[in-house]
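Below is one structure, written out as structure tokens, with a few remarks after it.
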Number of protein chains: 2
Amino acid sequence: MLKNFLSGNFRLKTDQLFEGLTAEEHESLMGSGVTHLYSKGEIIFREGGIPTGIFYVLSGRVKKYKATAKGGEQIFYLCSEGELLGYHALLGEEFYPDSAATIENSQITFIPKDNFLKVLRNSTELSNTLLKALGHEFSLFINSITNLATKSVRERLAFNLLILDEKFKSSVQPGIPSDINLSRTDLANMVGTAKETLVRLLQEFKRAGLIEKTDKMIRIIDRKGVIKEANLMGLNPRKM
Amino acid sequence: MLKNFLSGNFRLKTDQLFEGLTAEEHESLMGSGVTHLYSKGEIIFREGGIPTGIFYVLSGRVKKYKATAKGGEQIFYLCSEGELLGYHALLGEEFYPDSAATIENSQITFIPKDNFLKVLRNSTELSNTLLKALGHEFSLFINSITNLATKSVRERLAFNLLILDEKFKSSVQPGIPSDINLSRTDLANMVGTAKETLVRLLQEFKRAGLIEKTDKMIRIIDRKGVIKEANLMGLNPRKM
DNA sequence: CGGACAATTGAAGCCGGTCAAAACTGGTGG
DNA sequence: CCACCAGTTTTGACCGGCTTCAATTGTCCG
């Protein structure tokens with residue numbers, strides 16, 4: 001039940017997005033792509049830029065964020081292996097509303113706009129899958145908004161730790177707690193708080209035996225406890 | 001420029017959503033609908049419910065919101081005349097993630113799921129328009145998220161007043177400031193704050209000559225001033 | 001080994017939430 | 001038509017969660 005809810009925080013993987021495609025269509029998309037190696041911290045696209053294609057994350061992790069008035073950034077999503085980037089702006093026929101940057105060394109394939117749109121125009125399958133994916137994203141956004149507007153920083157931190165635990169799960173050993181690898185600053189920008197507040201809360205969580213942490217890594221060791229801190233009552237997916 | 005930005009807060013009107021349809025398709029949608037009169041405060045659908053169709057707002061206004069853990073509600077959108085409701089859940093093939101309720105007496109047409117999906121399956125036009133609309137909504141949501149996470153209540157209030165001014169604009173006299181007709185509670189739930197805080201800020205705005213207000217109505221009289229309070233620097237749409 | 005950057009800790013102060021109560025409004029029935 | 005009641009708006013007081021500023025410690029790399 002909670003599992004269902006958390007899994008709701010993942011976009012459809014590209015495998016699913018592209019699964020209705022014919023072999024030729026698939027080739028037309030992925031085959032036309034150019035794969036580029038980004039090192040940690042590189043910007044993939046920037047808010048206000050003109051979209052010229054979409055990006056497929058082959059490996060690594062990417063933060064999607066928006067610059068704030070005060071010079072910081074608000075992170076609202078983390079993309080990992082197998083996910084697509086930058087298709088919203090293309091579909092909406094707008095400038096990028098957000099920025100994307102790697103938080104790890106990553107391999108990313110660029111698929112030119114024309115190839116994507118051509119396949120999209122000819123595949124009702126892809127259209128429908130995208131509509132479904134976007135419809136689903138809607139509920140994720142409403143959740144974020146409600147969380148930000150009504151929950152304490154403490155609750156939001158706990159909640160984000162649960163999401164990150166999923167996000168950083170090893171495909172080899174999915175059973176064990178993940179090593180969450182994210183700078184304090186990025187984590188703070190994700191939770192929507194100041195670095196200092198974040199650090200203090202992490203200390204508390206550690207002292208309470210909920211997590212263990214080093215400089216660069218956080219690991220949940222008392223999952224039940226973190227869930228309790230997150231106060232997910234009423235977020236039962238059946239009730240969402 | 002600001003105008004562009006604010007207009008970004010409106011979803012595509014249904015006229016636009018349905019404009020690529022043939023006469024038969026249009027008839028199949030709207031003709032199959034049943035129009036119902038809702039009085040102020042009635043609930044149209046509820047989070048967790050099973051979607052059985054979509055709703056078209058003929059007249060009146062509808063709030064979209066999500067119940068919060070503490071028993072309140074977070075309003076994240078206001079629908080008015082000509083807008084569609086409830087299609088996200090249908091597209092995402094999920095339960096409703098949010099609730100919708102009228103804030104005025106309203107006429108709303110219900111279009112059954114099957115009719116909608118049938119037309120959707122046969123019209124690439126409609127698919128594309130919907131994809132475009134959803135892609136656009138994306139940028140609105142990340143704006144909301146960034147605003148909630150990084151702006152003060154005061155800034156958010158000013159910003160929401162500007163949105164509401166557009167939302168309540170009379171089609172007859174579009175030039176003049178709107179009479180914003182929304183209960184304090186609803187406005188507070190939209191801004192994401194407590195009633196009391198909202199009231200106090202409204203007082204300040206009034207004393208500062210930015211707005212005038214009665215019990216049930218708010219009107220912006222110093223638009224420039226409100227824009228200044230909202231601190232929109234960096235929200236230039238070109239830079240979004 | 002030094003220098004830059006990230007993480008941590010301390011202290012002060014304010015924004016905004018909460019509780020409580022008064023003022024006001026509109027609607028209803030006598 | 002007026003008095004009363006319920007709901008909404010407003011004001012007051014208090015306090016606590018977070019932000020901010022500042023300074024210290026820790027860590028990674030060239």
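Bear in mind the structure is a predicted one, so any value in this text is a computation, not a measurement. Just so it is clear, the values below take in all heavy atoms, side chains as well, and ignore hydrogens, waters and symmetry mates. Note on naming: letters A, B, ... go to the chains in the order of the sequence lines (proteins, then strands), and numbering restarts at 1 for each one.
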Nearest to side-chain heavy atoms of [X], which nucleotide of [options]:
{"X": "A:Gln203", "options": "C:dT9, D:dC18, D:dT10", "value": "C:dT9"}
{"X": "B:Glu196", "options": "D:dT11, D:dT9, D:dC18", "value": "D:dT11"}
{"X": "B:Val153", "options": "C:dG10, C:dG16, D:dT9", "value": "C:dG16"}
{"X": "B:Val199", "options": "C:dG17, D:dT27, D:dT11", "value": "D:dT11"}
{"X": "A:Thr185", "options": "C:dG16, D:dT10, C:dA7", "value": "C:dA7"}
{"X": "B:Thr193", "options": "C:dT8, C:dG17, D:dT20", "value": "C:dG17"}

In plain terms, say whether B:Asp98 and B:Lys66 are close enough for a salt bridge, that is, a side-chain N and a carboxylate O under 4.0 Å apart.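 No, no charged N to carboxylate O under 4.0 Å.
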Nearest-angstrom distance from the residue atom [atom1] of [X] to [atom2] of [N]:
{"X": "B:Lys195", "N": "D:dG7", "atom1": "NZ", "atom2": "C1'", "result": "11 Å"}
{"X": "A:Lys40", "N": "D:dC28", "atom1": "NZ", "atom2": "C1'", "result": "11 Å"}
{"X": "B:Glu229", "N": "C:dC15", "atom1": "CD", "atom2": "P", "result": "13 Å"}
{"X": "B:Leu202", "N": "D:dT11", "atom1": "CG", "atom2": "C1'", "result": "14 Å"}
{"X": "B:Ile218", "N": "D:dT8", "atom1": "CD1", "atom2": "P", "result": "16 Å"}
{"X": "B:Lys151", "N": "C:dG16", "atom1": "NZ", "atom2": "P", "result": "13 Å"}
{"X": "A:Asn181", "N": "C:dA7", "atom1": "CG", "atom2": "P", "result": "11 Å"}
{"X": "A:Arg184", "N": "D:dC28", "atom1": "CZ", "atom2": "P", "result": "12 Å"}

Give the minimum heavy-atom separation between A:Asp186 and A:Ile75, together with the two atoms involved.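 That closest heavy-atom pairing would be O-CD1, 3.4 Å.
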Is any N or O donor-acceptor pair between the side chain of A:Arg200 and the base of D:dG17 shorter than 3.5 Å?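 A donor-acceptor contact between them is absent.
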For B:Lys224, is the NZ atom crowded, meaning more than 12 foreign heavy atoms sit under 6.0 Å from it?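 Atom NZ in B:Lys224 is not packed in, count stays at 12 or less.
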Is atom NZ of B:Lys195 surrounded by more than 12 heavy atoms (other residues, nucleotides or ligands) closer than 6.0 Å?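 12 or below, so no.
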With distance as the sole test, does B:Gln74 use its side chain to make a donor-acceptor pair with the main-chain N or O of B:Asn189 at under 3.5 Å?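 Yes, B:Gln74 side chain to B:Asn189 backbone: donor-acceptor pair under 3.5 Å.
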Between B:Lys216 and B:Arg156, which is nearer to the 5' end of DNA chain C once each is assigned its nearest nucleotide?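 Checking each residue's closest nucleotide, the 5'-ward one belongs to B:Arg156.
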Looking only at side-chain N and O atoms, does B:Thr197 come under 4.0 Å of OP1 or OP2 in C:dC15?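 So the side chain of B:Thr197 is outside the cut-off, no N or O lying under 4.0 Å from OP1 or OP2 of C:dC15.
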Does A:Lys213 put a side-chain nitrogen or oxygen below 4.0 Å from OP1 or OP2 of C:dT8?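 Yes, because at least one side-chain N or O of A:Lys213 sits under 4.0 Å from OP1 or OP2 of C:dT8.
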